[in-house]
Structure formats: structure tokens, C-alpha cells
Trainee: 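I am attaching a structure below and will ask some questions about it afterwards.
Since this is a predicted model, take the numbers as computed values, not measurements. Residue numbers count from 1 along this sequence.
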Amino acid sequence: MFIRLRTARPDDWGGRLLDLAVGLAALVVWLVVLLVRLPDGWIALAGGNGWPIRVVLALAVGWAFMWIDNLLRVLLPRTPYLIGRTLTVRARGRRVPLKVHEIHAIHVETRPPDGRETFVIEMRSGQHHDLCPVAWNGAGRLYRRMARALKLGR
């Protein structure tokens, strides 16, 4: 089964440090992919040229590190994430899992103290939960996925 995972990266030092660490690790692995000696069977499979195999391996490494970055973002305390049909947000210092089918609407509100635009989840019970600021990396993808799930659920 393919698990869909969507996250938004906080714009604090923890989120930037995580992206930097994952990027540096990916760079090291890409260098290894480009410089390592390929098995003779793989080169024969590619018609005597190793570059197509290296390109495929480099693309696979990029895809894998994208998933690793998302999985590690989930560990950051302020990160909202959507896994399957459960959205997890931070409320009052703890993580709160919300079922997607219980969400009534998503809208944007300005939140103090700095006046940032923030995605707000409105539940069918009338509760409101802040999802994340609009400016966070990945917030747009998370919003689009939530909007699509709400549209399909009606």
C-alpha cells in the first residue's frame, strides 16, 4: 500500500537545519552514484554506456531523499502532517489527530502577534485549529491535498 504523506516545513532554524542536513546527505550520495564503479552486468544492460544507469540511480536517490526529508519533518514539533485520512496539528502544546472526514472547511485568517496569514481548519463540531502559516514551505501542497479531500468527501 502506498502511503500519502504531506508536510509543511516550519520556517524556524530547526526546519532549515533539517533541510540542510538532508540536502548535504543527498549530495554525498549523488557524488557516490556518479563516481562509483558500476557492475559490468549493468553496463552491458545499458548497451555499454554507464551514464543512463547513473541518471536512473541519481533520480532514484533524489526521490528517496525527498521522502526521507518528509519523514524527518514529521519529527519536528510544530509540523502539521497528513498521513492517509488523518491530519495531525499542534494545539495547546500537544499533537492532535483530526479525521479528514470531520473537517468542515479550510480558510485563511490573520493571526497575531506578527499578522501572518494562517490556514485554519474548521471542524464539523465548530472547533477551529491552526494548520500552519501560508508562507511555510509545503503549506500550499498540504492545503491543496486537504481541499481535494474535502471536495471528494462531499
Trainee: Leu131 and side chain to side chain contact (heavy atoms under 4.5 Å, CB included): which single residue from Val108, Leu82, Val120, Val89 fits?
Mentor: Val89

Trainee: Going by heavy atoms in the side chains, are Thr79 and Pro10 under 4.5 Å from each other?
Mentor: yes

Trainee: What pairs with Met123 under side chain to side chain contact (heavy atoms under 4.5 Å, CB included), at least two apart in sequence or on another chain?
Mentor: Leu98, Glu102, Ile103, Ile121, Ser125, Gln127, His129

Trainee: Taking all non-hydrogen atoms of both residues, which atom of Cys132 and which atom of Ala8 are closest, and how far apart?
Mentor: SG-CB, 4.0 Å

Trainee: Under a 4.5 Å side-chain heavy-atom rule over Ile, Leu, Val, Met, Phe, Trp and Tyr, are Met66 and Leu71 clustered together?
Mentor: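 In one cluster with Met66: Leu71, yes.
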
Trainee: Could you pull out all residues at least two apart from Tyr143 that satisfy ring-ring contact (aromatic ring centres under 6.0 Å, His included)?
Mentor: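 Residues passing ring-ring contact (aromatic ring centres under 6.0 Å, His included) with Tyr143: Phe119.
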
Trainee: How close do Val74 and Leu5 get, counting heavy atoms only, and between which atoms?
Mentor: CG2-CD1, 4.0 Å

Trainee: Are Ile106 and Val134 linked, directly or through other ILVMFWY residues, by side chains that come within less than 4.5 angstrom of each other?
Mentor: yes

Trainee: Using the side chain to side chain contact (heavy atoms under 4.5 Å, CB included) criterion, which residues pair with Thr86? Sequence neighbours excluded.
Mentor: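 Side chain to side chain contact (heavy atoms under 4.5 Å, CB included) check on Thr86 returns Thr88, Pro97, Lys99.
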
Trainee: Could you pull out all donor-acceptor pairs under 3.5 Å where a side-chain atom in residues 38-55 meets a protein atom, sequence neighbours excluded?
Mentor:
from	atom 1	to	atom 2	distance (Å)
Asn49	OD1	Trp51	N	3.3
Arg54	NH1	Val33	O	2.8
Arg54	NH1	Leu34	O	3.1
Arg54	NH1	Val36	O	2.9
Arg54	NH2	Val36	O	2.9

Trainee: How does the hydrophobic cluster around Leu31 look, that is, which other residues are in it when side-chain heavy atoms under 4.5 Å mark a link?
Mentor: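 In the cluster with Leu31 there is nothing else; it is isolated.
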
Trainee: According to side chain to side chain donor-acceptor pair (under 3.5 Å), who are the partners of Thr7, at least two apart in sequence or on a separate chain?
Mentor: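 Side chain to side chain donor-acceptor pair (under 3.5 Å) check on Thr7 returns Asn70.
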
Trainee: Under the salt bridge (charged side-chain N to carboxylate O under 4.0 Å, His left out) rule, what pairs show up with a residue in residues 80-89, not counting sequence neighbours?
Mentor: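 Qualifying pairs, neighbours excluded: none.
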
Trainee: With sequence neighbours left out, write down each residue that passes salt bridge (charged side-chain N to carboxylate O under 4.0 Å, His left out) with Arg9, or none if nothing qualifies.
Mentor: Asp19

Trainee: Kindly indicate whether the side chain of Val96, heavy atoms from C-beta on, has any atom under 4.5 Å from the side chain of Arg90.
Mentor: no

Trainee: Taking only residues two or more places apart in sequence, or in another chain, which ones meet Glu122 in a side chain to side chain contact (heavy atoms under 4.5 Å, CB included)?
Mentor: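 Partners of Glu122 under the side chain to side chain contact (heavy atoms under 4.5 Å, CB included) test: His104, Ala105, His107, His128.
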
Trainee: Tell me the salt bridge (charged side-chain N to carboxylate O under 4.0 Å, His left out) pairs involving residues 103-119, sequence neighbours left out?
Mentor: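 Every pair satisfying salt bridge (charged side-chain N to carboxylate O under 4.0 Å, His left out) with a residue in residues 103-119: Asp11-Arg116, Glu109-Arg111, Arg111-Asp130, Asp114-Arg116.
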
Trainee: I'd like to check the side chain to side chain contact (heavy atoms under 4.5 Å, CB included) partners of Leu18; sequence neighbours left out, ordered by chain and number.
Mentor: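 So Leu18 forms a side chain to side chain contact (heavy atoms under 4.5 Å, CB included) with Val22, Asp69, Leu72, Arg73, Leu76.
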
Trainee: How long is the span from the CG atom in Leu142 to the OH atom in Tyr81, to the nearest 0.5 Å?
Mentor: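 That separation rounds to 12.0 Å.
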
Trainee: Hey, what else clusters with Trp136 if you join Ile, Leu, Val, Met, Phe, Trp, Tyr whenever side-chain heavy atoms sit under 4.5 Å?
Mentor: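 Besides Trp136, the hydrophobic cluster comprises nothing; the residue is isolated.
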
Trainee: About how many Å separate CH2 of Trp30 and CG of Leu35, when rounded to the nearest 0.5 Å?
Mentor: 14.5 Å

